[in-house]
Amino acid sequence: MVEESRCALSSAREEVLARVRTSIGTRAAEQEVIREYRQAGQLSEPGRINLFVDRLEDYNAGVYRCAAPDLPDTIAAALTARQKHRIIVPPGFPAEYLPPGFDFIRDQGFEYTQLDATDGALTAATAAIAMTGSIILTHSETEGRRALTLIPDYHLCIVRANQLVETVPEGIRALGARRTSPVTTIAGPSATADIEMTRVKGVHGPRTLDVIIIL
Amino acid sequence: MSIRVGESAEAATFPKAAKKLLANTQLRRNVRRATDTIRNKRAKVVGEMPDWEQLRTAAQQIKQRTLRNLDSYLEQFEKACTAAGGKVHWARDADEANKIVVDIIRGHGQKEVIKVKTMTSDETRLNKALEAAGIAPYETDLADLIIQLGNDKPSHIVVPALHRNKSEIRQIFMDTMGLTELGHKPEDLAAAARDYLRERFLRVKVGFSGANFAIAETGSVCVVESEGNGRMCITLPDVLITMFGIEKIIPTFDDLEVFLQLLPRSATGERMNPYNSIWTGVTPGDGPKEFHVVLLDNGRTRVLADEESRETLHCIRCAACLNACPVYRQTGGHAYGSIYSGPIGAILTPQLQGMEHSTSLPYASSLCGACYEVCPVKINIPEILIHLRRKIVESGGAPMTERMGMAVAGFTLEDSGRLGAAQKLVQLGRQPLDALGLPGWSVARDLPAIPTESFREWWKNRGAR
């Protein structure tokens, strides 16, 4: 029985591939794809940051800018403004950035229901794209596993100015060797336009997104 | 080979179905309002891209290259995905694909599956097969949830419940979610869906998804979405099954930089959709422990075989052609008798199913070209429509008057003497034409006036003037 189904599967593979080959017919020599679209950006760093902030605000995300030494205070300000207290943090997130006065919990592979019981998640990012207002996570030790920034209803994400690129091609290439890690790109909070094409903020993913840009 | 495309294979009845739907003024109002909104948003965000045409060209060339070498890209994908811990299955048709999915879920002793929006599983009627096997499929995309709870059919590729307005949706939710109170705003309805699905997301052990792109180079899969239900389905369950048509392959990871720019702007008029998930096999400590891919043919190799219409397989399912189409905007999606509606449906459904099953679909167009203009991967839909019409006429499947007309035209145009004689004949009187009547045309339109002199006569006589 098992053997039979294995045999059927393998013959499906051979048959589909054979059909593909027959359908393709004769093959000509391949030519390079013409890529005349914009690949590199043109803006200076302040221009990039302004564009990124503009896009984030367009998505109703909250935006903070600060210098590196002010990061703990800025995190505290963001959490206080949203009235978030119990915050899950990835295992590798630097302890020195965490301000006093909040209940920060290190992720130790908690159950989903435990993640659901927190107020939000605080993470770093791998890269960000100004043109589309996208944050890119590759779920490293400072960004946390995927469930961490998905189940809690609030996400506070830290992006360094030197991680910010202008265009989508630059963003894809910034992944480098981390591209085969799980990758999530986030452009604003979860949303839907399924009801009469009205963009409604917040369905299943975090309903609120704040971003801190370290200058 | 019998290929199914979703619930109904009765696509031979477009004019009949359209006539009935045109009488539903509420539906027409809903469709018109929704497509107007997306069209305007799309035009705005496409307009701000100075390199839009260059992106379209690159996308077209990437897709052409993919199809010309599809066998090696499929094998490359299989190898990379397997090396990363995935298990790749192949399915010749819908039944075979459904059986693979059912067997995997049964093998884990599970009775439920959470699903993220995928046209491909609508195409294979997976939900019916799951239910028949005692497995409950839960649609999690808001629009798909509306369709599933309302026992309805999708009418649009990207926004399947676009034919429903918010008060209709509210009634469906009240009736099926056991709610006694529910607000009227879209926000209230979205919140109800969140509450309804959250417990399932956290509990159900098997997830199911389609794919927007599958990358041969790395064996990675990409899902593009907005609500976060996709992330839930691909991240939280222990077992993930991803099924997609073999044409969804792209050669390299970097090719995403083209499609991730074209798709959101074309589909929903956003600069970027809220979430893209890209994953490669299985990652210890993050997400599903088991990952299955089902590669589906179901008629795609038949489309590939016809070089003149092969580019139908370039489609990235953005639905910009639906929103732009003057026919779709009047009838909505149900008239097309297939889950693939609008201009792309009119060329894809007949080719997948075999021309004999849907001879009226290639005629569901005025050939105005709006679909080609907005297509992000430059599928020349009007040309393919004409190509398919020719095939129908040649195989004797066209309406009687059209077949006769084509035969007469062919005979007349073959020989300049015959053409001259025919033109003379027409100048003598239009009565024979009027008497014959052109179906669908002469009801609401007058035939053009016949000039007293043909172009050929004018050319011949021009020196004398």
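Chain identifiers are assigned alphabetically (A, B, ...) following the order of the sequence lines, protein sequences preceding nucleic acid strands; residue numbering begins at 1 within each chain.
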If we count only N and O atoms by modelled type, under 3.5 Å, do the side chains of [X] and [Y] hold a donor and an acceptor together?
{"X": "Asn30(B)", "Y": "Glu168(B)", "result": "yes"}
{"X": "Glu111(A)", "Y": "Thr113(A)", "result": "no"}
{"X": "Glu143(A)", "Y": "Thr149(A)", "result": "no"}
{"X": "Ser167(B)", "Y": "Asn165(B)", "result": "yes"}
{"X": "Ser140(A)", "Y": "Thr142(A)", "result": "yes"}

For [X], which atoms come within 4.5 Å of any heavy atom of chain A: side chain, backbone, both, or neither?
{"X": "Leu295(B)", "result": "neither"}
{"X": "Thr235(B)", "result": "both"}
{"X": "Arg310(B)", "result": "side chain"}
{"X": "Arg33(B)", "result": "side chain"}
{"X": "Thr35(B)", "result": "neither"}
{"X": "Ile169(B)", "result": "side chain"}
{"X": "Leu55(B)", "result": "both"}
{"X": "Gln64(B)", "result": "neither"}
{"X": "Ile215(B)", "result": "neither"}
{"X": "Glu53(B)", "result": "neither"}

- Query: Minimum heavy-atom separation for Pro160(B) to Ile147(B), with atom names?
  - Reply: O-CD1, 3.5 Å

- Message: Is the ring pair Phe291(B)/Trp279(B) parallel, tilted or perpendicular, if the boundaries are 30 and 60 degrees?
- Response: perpendicular

- Measure the acute angle between the ring planes of Phe93(A) and Tyr97(A), then classify it against the limits of 30° and 60° as parallel, tilted or perpendicular. perpendicular

- Query: Out of Glu36(A), Arg21(A), Arg179(A), which one racks up the most heavy-atom pairs below 4.5 Å with chain B?
  - Reply: Arg179(A)

Could you have a look at [options] and say which one has the most heavy-atom pairs with chain A under 4.5 angstrom?
{"options": "Met272(B), Gln61(B), Glu227(B)", "value": "Glu227(B)"}
{"options": "Ala84(B), Ala80(B), Ala143(B), Ala193(B)", "value": "Ala143(B)"}
{"options": "Thr283(B), Thr37(B), Thr218(B), Leu142(B)", "value": "Leu142(B)"}
{"options": "Arg65(B), Glu187(B), Glu75(B)", "value": "Arg65(B)"}

- CD (Glu48(B)) with more than 12 external heavy atoms under 6.0 Å: yes

